[in-house]
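Just so we're on the same page: letters track the sequence lines, and every chain starts at 1. A quick note: this is a predicted structure, and the numbers were derived from the prediction, not measured.
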Amino acid sequence: MPKSPINIVWFKRDLRFTDHEPLYRALEQDIPVLLVYFFEPSLIQYPDSDVRHWRFVYESLTEMQGRLEDRNGRLYLFHQEVLPVLDALTEHYSIQNMYSHEEIGNSLSYQRDKEVKVFCDLHGIQWKETPTNGVIRKLRSRKTWQKRWDERMNQPPFLVREHDWNLIHLASTLYDSLKGKKIPVDFTTRNPKFQEGGEYWAWKYLQSFVQTRHQDYSKSISKPEASRRGCSRISPYLSYGNLSMRMVYTFTKQHYSQSGNRRSLQNFISRLHWHCHFIQKFEDECRMEFEAINLAYQSLEKKRNIDYIKAWEQGQTGIPLVDACMRCLVETGYINFRMRALVVSFFVFNLWQDWRDLAHFLARQFLDYEPGIHYPQIQMQAGITGVNTIRIYNPIKNSMEHDPDGIFIKKWVSELKAVPPSLLHEPWKLSEMEQKMYHVNLGQDYPFPIIDVENSRKAASEQVWAIRKTKIARQEGTRILQKHVNNPQNRKA
DNA sequence: TTAGGCTTCCG
DNA sequence: GGAAGCCTA
């Protein structure tokens with residue numbers, strides 16, 4: 001009996017139906033379509049992954065399935081690696097085409113894709129991958145990148161009619177034999193402290209930002225507390241593809257003229273460029289997941305101090321703003337950009353620890369973890385690209401400037417709740433009497449600083465700048481600039 | 001949208 | 001003696 005032909009749409013980090021090119025292309029064909037998502041155990045176990053990510057994915061998928069049920073359709077979830085499932089499907093079906101987005105992921109997903117490609121070639125399956133947002137695969141030169149980004153964002157979105165989809169139903173015996181172990185209860189249980197997954201919430205956040213919340217964007221963006229409301233908060237939806245960049249861009253443009261604060265929306269749009277710009281760097285030089293992109297810094301060795309690392313992870317460094325940020329991040333999956341830069345700076349400069357010893361931990365904490373932004377950003381903030389100026393943040397100065405009343409700090413470091421703002425940023429200076437008065441016993445309730453901020457800053461600065469001045473560091477800097485930042489508009493990057 | 005140090009200017 | 005502005009790491 002001849003096997004019946006099918007096409008497959010493989011959802012990865014593109015969990016939406018709106019402006020989804022693979023889905024659009026598949027539905028154009030006159031062949032029934034199978035929609036699949038894989039919870040791959042290998043990826044779940046990779047050290048950059050956390051239950052919060054899979055929960056977000058599961059919420060997104062649940063929403064998509066809900067919409068399909070109205071149309072008697074189905075999106076099939078497998079708690080299983082990709083290849084064994086594809087292999088088994090070829091026993092029952094003649095897979096013609098497989099459609100997916102190009103994924104810019106960690107090395108494990110890259111390896112997996114290479115194996116899938118081999119499999120597809122072997123079985124005569126055409127695997128058609130389409131671009132993700134503004135990122136260009138096999139980019140030769142950065143020269144026209146910006147232009148191509150604009151073009152792509154201005155193209156009409158791939159909108160599919162919401163009915164008469166020719167979707168395939170798997171026989172339940174077949175699905176049961178392939179779907180793998182039950183999806184862990186952790187993944188299917190909601191934690192109300194995190195943003196909600198799915199297209200519905202993605203649009204809620206985008207809409208409220210573009211229509212009203214952007215008003216104070218520029219003012220709140222650097223503030224740990226105000227940013228939670230004043231920033232768009234669409235980052236997890238972009239990371240998991242609940243929104244396409246094109247839809248964000250188009251929607252924002254559409255509301256631009258009615259905005260009471262156009263400058264804010266302009267700032268926001270320029271950050272949409274930056275989003276893709278960073279992912280493009282990672283796409284072009286993905287070894288930066290493991291090694292310093294600038295050769296000169298590959299020899300930089302730092303002595304690992306487990307006590308420092310643990311104190312930093314747990315928000316017990318004795319620097320109130322750093323601790324507040326870390327505790328808040330662990331609990332809610334979000335802190336704003338500047339505070340991320342600050343905690344990275346504290347780790348790599350003040351504590352003088354290797355960036356690789358924070359990369360996976362932070363990846364697990366960020367609900368919006370996006371490998372293509374994560375690694376270029378961490379390397380830049382660690383001052384090892386040889387391109388930008390080295391930014392060593394002063395956590396005390398930032399504390400006073402961005403949380404002057406200590407509202408954010410007191411929320412997350414409740415040990416210091418009674419300390420007045422004038423003393424809050426440097427609690428180690430509290431006298432015995434003040435400690436009694438403000439109900440905090442330093443060294444007991446709240447630690448003394450684990451490091452001298454001023455001295456450690458000086459030492460770090462000297463060492464990093466010494467490497468920076470070497471010939472090889474500067475040569476590499478030029479190479480990196482040419483490869484990744486050829487557009488004059490981005491030259492400051 | 002880096003930080004600190006140094007100079008200058010002012011009261 | 002402090003604020004503001006420029007320079008350099």
Side-chain angles (χ1 to χ4, degrees), chain A residues 146 214 216-227 230-232 235 261-278 281 292 294 296-297 300 319-322 325 335-352 355 358 373 376-404 422 425-426 449 451-478 480-481 484-485 487-493:
Chain A
Q146 186 61 53
H214 71 276
D216 295 324
Y217 184 57
S218 309
K219 226 170 52 193
S220 352
I221 196 161
S222 295
K223 309 268 184 286
E225 187 60 31
S227 60
C231 287
S232 75
S235 52
N261 189 344
R262 295 184 190 181
R263 182 182 276 267
S264 278
L265 287 187
Q266 202 98 65
N267 283 342
F268 175 65
I269 288 174
S270 87
R271 281 183 174 80
L272 300 180
H273 293 85
W274 282 98
H275 182 102
C276 296
H277 165 81
F278 274 97
K281 288 189 199 209
N294 187 314
Y297 289 89
L300 178 61
I319 314 294
L321 183 61
V322 173
C325 284
I335 47 173
N336 62 320
F337 180 82
R338 195 186 173 95
M339 292 304 119
R340 293 182 195 200
L342 182 128
V343 297
V344 170
S345 163
F346 188 79
F347 186 93
V348 298
F349 295 124
N350 297 103
L351 298 181
W352 199 244
W355 61 276
L358 66 55
I373 295 179
Q377 273 297 336
I378 284 180
Q379 292 212 17
M380 193 174 106
Q381 254 120 37
I384 56 173
T385 63
V387 174
N388 316 279
T389 192
I390 292 161
R391 290 165 207 200
I392 306 178
Y393 287 76
N394 180 337
I396 300 156
K397 179 173 170 278
N398 274 272
S399 189
M400 291 168 175
E401 281 174 7
H402 298 302
D403 190 26
S422 58
H425 306 285
E426 298 170 287
I451 197 112
D452 182 309
V453 172
E454 176 62 13
N455 289 334
S456 57
R457 189 210 102 231
K458 278 188 189 143
S461 179
E462 271 170 36
Q463 296 195 63
V464 186
W465 275 107
I467 303 175
R468 176 63 176 277
K469 281 186 248 171
T470 61
K471 199 174 165 203
I472 173 149
R474 280 180 291 139
Q475 279 174 346
E476 277 282 286
T478 310
I480 292 163
L481 208 60
H484 297 287
V485 203
N487 186 319
Q489 253 188 301
N490 292 334
R491 196 157 299 272
K492 271 186 254 145

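- The stretch residues 452-463 of chain A participates, sequence neighbours left out, in these side chain to side chain donor-acceptor pair (under 3.5 Å) pairs: A:N350-A:S456, A:D452-A:N455, A:E454-A:R457, A:E454-A:K458.
- Nucleic acid contact for A:S345: none, since no nucleic acid atom lies under 4.0 Å from a heavy atom of the residue.
- Nearest approach of A:R271 to A:I221, heavy atoms of both residues: CZ-CD1, 3.4 Å.
- With values rounded to the nearest 0.5 angstrom, A:S399 atom OG is found 9.5 Å from A:N394 atom CG.
- From A:M339, atom CE reaches atom NZ of A:K223 across 8.5 Å, with rounding to the nearest 0.5 Å.
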Show me the protein contacts with nucleotides 2-7 of chain B, counting only N or O atoms at under 3.5 Å.
{"unit_1": "B:dA3", "atom_1": "OP1", "unit_2": "A:N398", "atom_2": "ND2", "d": "2.9"}
{"unit_1": "B:dA3", "atom_1": "OP2", "unit_2": "A:K397", "atom_2": "NZ", "d": "2.8"}
{"unit_1": "B:dG4", "atom_1": "OP1", "unit_2": "A:N394", "atom_2": "ND2", "d": "3.0"}
{"unit_1": "B:dG4", "atom_1": "OP2", "unit_2": "A:N394", "atom_2": "ND2", "d": "3.3"}

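- Taking the side chain to side chain contact (heavy atoms under 4.5 Å, CB included) definition, one finds that A:A341 meets it with A:Q381, A:Y393, sequence neighbours left out.
- Backbone-only engagement by A:I221 is indicated by non-hydrogen atom pairs under 4.0 Å involving sugar-phosphate atoms exclusively.
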